[in-house]
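The figures here come from the full heavy-atom set of this structure, side chains too, leaving out hydrogens, waters and symmetry mates. A note on names: the letters A, B, ... follow the listed sequences, proteins ahead of strands, and every chain is numbered from 1.
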Number of protein chains: 2
Amino acid sequence: MGNDEICLSFLVRQAWLNMRSVMDSALATHDLSVAQYATLLVLDEQPGASVADVARAVASTRQSANELLAGMERATMVERHPHPQDRRSQKIHLTALGRSRLEAARPVVHARESELEVGFDAGERAMVREWLARMARAGHD
Amino acid sequence: MGNDEICLSFLVRQAWLNMRSVMDSALATHDLSVAQYATLLVLDEQPGASVADVARAVASTRQSANELLAGMERATMVERHPHPQDRRSQKIHLTALGRSRLEAARPVVHARESELEVGFDAGERAMVREWLARMARAGHD
DNA sequence: TCAGAATCGTCAGGAACCTGTCAAATTTTG
DNA sequence: CAAAATTTGACAGGTTCCTGACGATTCTGA
């Protein structure tokens with residue numbers, strides 16, 4: 001599959017794979033995986049989220065999210081507390097360490113992402129995001 | 001991660017995941033996986049490609065490609081021949097069955113993809129593809 | 001109010017991907 | 001031309017994701 005569009009979806013996939021690779025490189029010096037970074041972002045935005053909340057937010061499964069969170073808990077990036085109203089569930093929070101690691105990595109990731117878009121103006125960028133948002137949710141009856 | 005852009009890369013990921021899901025549904029009635037469909041496309045475009053060629057084209061590894069091709073060979077969608085000039089390598093071709101399955105599935109996938117983009121004009125679509133192509137290759141020094 | 005449906009975190013097992021490695025073959029380099 | 005470097009398909013082992021299932025809990029609607 002060269003540059004000719006054989007299938008739009010695979011063009012998006014290749015964009016994602018490359019962006020993931022770029023991000024992986026950016027996060028390497030911070031000793032964070034892409035999945036860990038995503039999880040830190042989610043917990044920053046949704047403090048006290050449950051495992052299931054995290055899984056949904058990162059478009060994954062509860063099982064995968066749980067395993068990832070277990071590792072991050074061991075690394076003291078996150079902490080879990082019993083949920084005060086729901087005995088099946090937990091509230092998960094960033095630790096101070098988790099937060100500082102996120103704040104260290106975030107500008108680096110953003111800078112790398114910005115570099116990728118050099119040459120596209122604000123209108124084009126906005127339009128692309130609109131398109132991506134559509135792609136992210138369309139097609140389900 | 002809601003609709004607010006916390007991280008561009010994850011927006012692209014979600015677009016891909018959803019498009020993959022849509023494609024999966026479209027291919028279900030054809031009893032083809034997304035990876036198989038991608039491989040059929042590659043072999044249609046590059047008849048006689050090697051395992052390594054296929055792997056590169058679908059942005060995967062030789063090992064994964066080889067396993068996938070093995071399954072497709074067993075299902076008589078593809079056939080492998082020794083390479084006439086390179087004794088390490090094979091030339092892989094679509095069988096008539098593989099071709100007919102691809103031709104049956106292709107319009108359905110394209111139709112579904114087109115539906116996703118309803119409301120975006122030709123200029124916007126071209127611009128998005130330019131952006132995606134950039135994202136697919138930028139960032140490597 | 002209560003029964004059935006849905007959801008929770010977790011366990012178990014498996015699929016689909018990966019990296020490392022190998023011997024042989026081919027290509028590149030000086 | 002020979003040595004070094006790279007590439008090939010395949011084996012081995014591992015990682016990361018998945019689905020199915022469970023008992024407990026919560027939600028829903030009649």
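The nearest whole Å value for the distance from the CG atom in A:Leu69 to the C1' atom in D:dC17 is 15 Å. Put simply, CD on B:Gln63 is 13 Å from C1' on D:dT7, counting in whole angstrom units. Distance B:His83 NE2 to D:dG9 P: 9 Å, rounded to the nearest Å. The interatomic distance linking B:Arg88 (CZ) with D:dT6 (P) rounds to 13 Å, in whole Å. At whole-Å resolution of the value, CG in B:Asp24 and P in D:dT19 are 10 Å apart.
Taking 4.0 angstrom as the limit, B:Ser60 places a side-chain polar atom (N or O) nearer than this to OP1 or OP2 of C:dC18. Remark: B:Asn66 is in phosphate contact with D:dA10, judged by side-chain N or O atoms under 4.0 Å from OP1 or OP2. For the pair A:Ser64 and D:dT16, the criterion of a side-chain N or O lying under 4.0 Å from OP1 or OP2 is not met. For the pair B:Ser89 and D:dG9, the criterion of a side-chain N or O lying under 4.0 Å from OP1 or OP2 is met. Phosphate proximity of C:dT10 to A:Arg80: present, with a side-chain N or O under 4.0 Å from OP1 or OP2. Contact check, A:Arg62 against D:dG20: no side-chain N or O comes under 4.0 Å of OP1 or OP2. Remark: B:Arg87 is in phosphate contact with C:dA25, judged by side-chain N or O atoms under 4.0 Å from OP1 or OP2. The side chain of B:Arg56 places no N or O atom within less than 4.0 Å of a non-bridging phosphate oxygen (OP1 or OP2) of D:dT7.
A salt bridge does not link B:Glu113 with B:Arg125: every distance from a Lys NZ or Arg NE/NH1/NH2 to an Asp or Glu carboxylate oxygen is 4.0 Å or more.
Looking at B:Asp53 and B:Ser50, their side chains do bring a donor and an acceptor atom within 3.5 Å of each other.
Between A:His81 and A:His93, the ring planes lie tilted relative to each other; the angle falls in the 30° to 60° range. Between B:Trp16 and A:Phe10, the ring planes lie tilted relative to each other; the angle falls in the 30° to 60° range.
Taking for each of B:Asp86 and A:Thr61 the nucleotide of DNA chain D with the nearest heavy atom, the 5'-most of the two is the partner of B:Asp86. The nearest heavy atom of DNA chain C to A:Glu67 and to A:Ile92 marks one nucleotide each, and the one closer to the 5' end goes with A:Ile92.
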